[in-house]
Protein chains: 2
Amino acid sequence: MTRASSRRPGPPTRTERGIPEATVARLPVYLRALTALSDSGIATASSEDLATAAGVNSAKLRKDLSYLGSYGTRGVGYDVEYLRYQIAREIGVTQDWAVVIVGIGNLGHALANYSGFGTRGFRIVALLDADPNLVGERIGDMEVRDFAELEAIVKADRVSIGVITTPAGPAQEVCDRLVAAGVTSILNFAPVVLSVPDGVDIRKVDLSIELQILAYHEQRKSGEAALPQVPELPAMNGLTDLPSVGGGVGA
Amino acid sequence: MTRASSRRPGPPTRTERGIPEATVARLPVYLRALTALSDSGIATASSEDLATAAGVNSAKLRKDLSYLGSYGTRGVGYDVEYLRYQIAREIGVTQDWAVVIVGIGNLGHALANYSGFGTRGFRIVALLDADPNLVGERIGDMEVRDFAELEAIVKADRVSIGVITTPAGPAQEVCDRLVAAGVTSILNFAPVVLSVPDGVDIRKVDLSIELQILAYHEQRKSGEAALPQVPELPAMNGLTDLPSVGGGVGA
DNA sequence: TAGATTGTTAATCGATTAACAATC
DNA sequence: TAGATTGTTAATCGATTAACAATC
């Protein structure tokens, strides 16, 4: 309503107002699927093909892509390379984002070594830790630097993304320092709820929460009906060489 | 409708039909907040207190808790210990779940060392890898074992949760082996979409996807209006010693 | 032209939120 | 009893899905 009045008449201009969050979260999945198809030498794919590769249904995929524009051809499908570029551009990974990792324990180590940081689009510019015993240690082709250098590094390398891999204790303080230094996006692996001012985005990765969600569902499986689909369920003791299963079950 | 007919009349029996997924995903956050309050010696907390600690609003928290039952006292709040136990029980972490980790690279290493696996409720019973060079390596008080032993271990230790920290390539095969061995919940860190049969739950943790979601929003910040809240925005060049910011902005 | 597949509409479903009656 | 706070209702919002007209 308020919005309609400020819109000129005519066909809706795509991307006029932002893309839904649920869609944004799936774009990287589509990007990866397209990269895989491209690597297999596939030049064209239907929404059905793409949806299968991305693990969603095709209606959802088409709806998601429709927020970006009309990049497909009716009766044909999508050009893999073209769509891949359009999505990469929309996400913002056609440019490189400078990233710092703070807290070089086991997890920080692992992320520092993570080759290419998964996909292109990100560049680790510094590994930081406050522990003098760690400062100076080489990891791959980088050296751990003192957390005190944060501000200088953020300024020099225009860092906009910070990854927090400290323990829970110092995480909020590290977060505050990152924000004060000018970092506006944070990926938090520490098991705490961090508070940030408006304008700063924060995402959280939490192993123990993920496991607990699985445990919840697991608990409900052992309980009642929801056991595996196989009609006669082997008693799980003694049998080591089960006959192959799946013939004639259901449709 | 179909459901109403199978329900007896009278007051709704809580937890009669499952808890919404969005709520399930927040229960571990509440559990952690309650543990923190408990550790600070706080015995009672209002929904407002709890919501603040968990980073949600109080209406949502009360709605979420209402799916579990009525564990609060009107006019008073919630007994921290009591609610903590109720949530732990609901999630299923009052018992211990046996976990195997498959793929002992950097990340597998990091998770293996992750003290107590974040929260109680989980017990790592084996670290597995197919690489003979890794088998036998000690990590903490565990030893890396051959992936070929998977089936025996799952059977012996009643493992229901598997964590996949292999590269993308072998992940689907590892997943299939886990499922065939009887694992019914999987936490996947490999950057691929895994397919599992019905009855198996799978969750995915994906660093590169998280970073891309941040990049999407970051790109839109640098663009237009959505710049930081500070009125006069330093031009970001030359200035090295900004005056402290935040006095008299907004309210 | 006939067949295939997109992009969009509209219905449905689930999650969030504000407000408040119930009740300690 | 008066004040505080829960548990629940109902309105709203956003996401998913099926279906199909548009169009290659």
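The model shown is predicted, which means the values in this text are computed figures rather than measured ones. Per chain, numbering begins at 1; letters A, B, ... match sequence-line order.
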A:Arg220/B:Glu90 ion pair, N-O < 4.0 Å: yes
Figure out the CG/C1' separation between A:Leu83 and C:dT6, and round it to whole Å. 12 Å
Assign each of A:Val76 and A:Glu21 the nucleotide of DNA chain D bearing its closest heavy atom; nearer the 5' end lies the nucleotide of A:Glu21
Considering residues, nucleotides and ligands other than B:Glu81, do more than 12 of their heavy atoms fall under 6.0 Å from its CD? yes
Tell me what B:Glu48 touches on the nucleic acid: a base, only sugar-phosphate, or nothing, going by heavy atoms under 4.0 Å. nothing
Starting from C1' on D:dT12, measure out to NZ on B:Lys60 and report it in whole angstrom. 14 Å
With the side chain defined as heavy atoms from C-beta on, A:Lys63 is closest, among C:dA15, C:dT8, D:dT6, to C:dT8
Do the side-chain N or O atoms of B:Thr73 get closer than 4.0 angstrom to the phosphate oxygens (OP1, OP2) of C:dC24? no
note: A:Leu65, atom CG; D:dT16, atom P; distance rounded to Å ~ 14 Å
Separation of C:dG14 atom P from B:Asp64 atom CG, nearest Å, is 16 Å
Nearest-Å distance, CG (B:Leu61) to P (C:dA18)? 14 Å
D:dT5 OP1/OP2 closer than 4.0 Å to side-chain N/O of B:Ser46: no
Does any donor atom in the side chain of B:Ser185 or B:Asp201 lie under 3.5 Å from an acceptor atom in the other side chain? no
Between C:dG14 atom P and B:Ile19 atom CD1, what is the distance in whole Å? 16 Å
Select from B:Tyr71 and A:Asn57 the residue whose nearest nucleotide in DNA chain D is closer to the 5' end of that strand. B:Tyr71
What integer distance in Å separates A:Asp49:CG from C:dT5:C1'? 11 Å
A:Gln86 CD - C:dG7 C1' separation (whole Å): 16 Å
Looking only at the side chain of B:Arg74 (C-beta and beyond, no hydrogens), which of the listed nucleotides C:dT16, C:dT8, C:dT23 gets closest? C:dT23
Nearest listed nucleotide, side chain of A:Arg62, among D:dT6, D:dC20, D:dT16: D:dC20
Quick one: is A:Tyr78 getting a side-chain N or O under 4.0 Å of the D:dC24 phosphate, OP1 or OP2? no
Applying side chain to side chain donor-acceptor pair (under 3.5 Å), run through A:Asp49 and A:Thr52 and close with a yes or a no. CA-CA 5 Å; A:Asp49 297 336; A:Thr52 302; over 6 Å; no
With the side chain defined as heavy atoms from C-beta on, A:Ala22 is closest, among D:dA22, C:dC24, D:dT16, to D:dT16
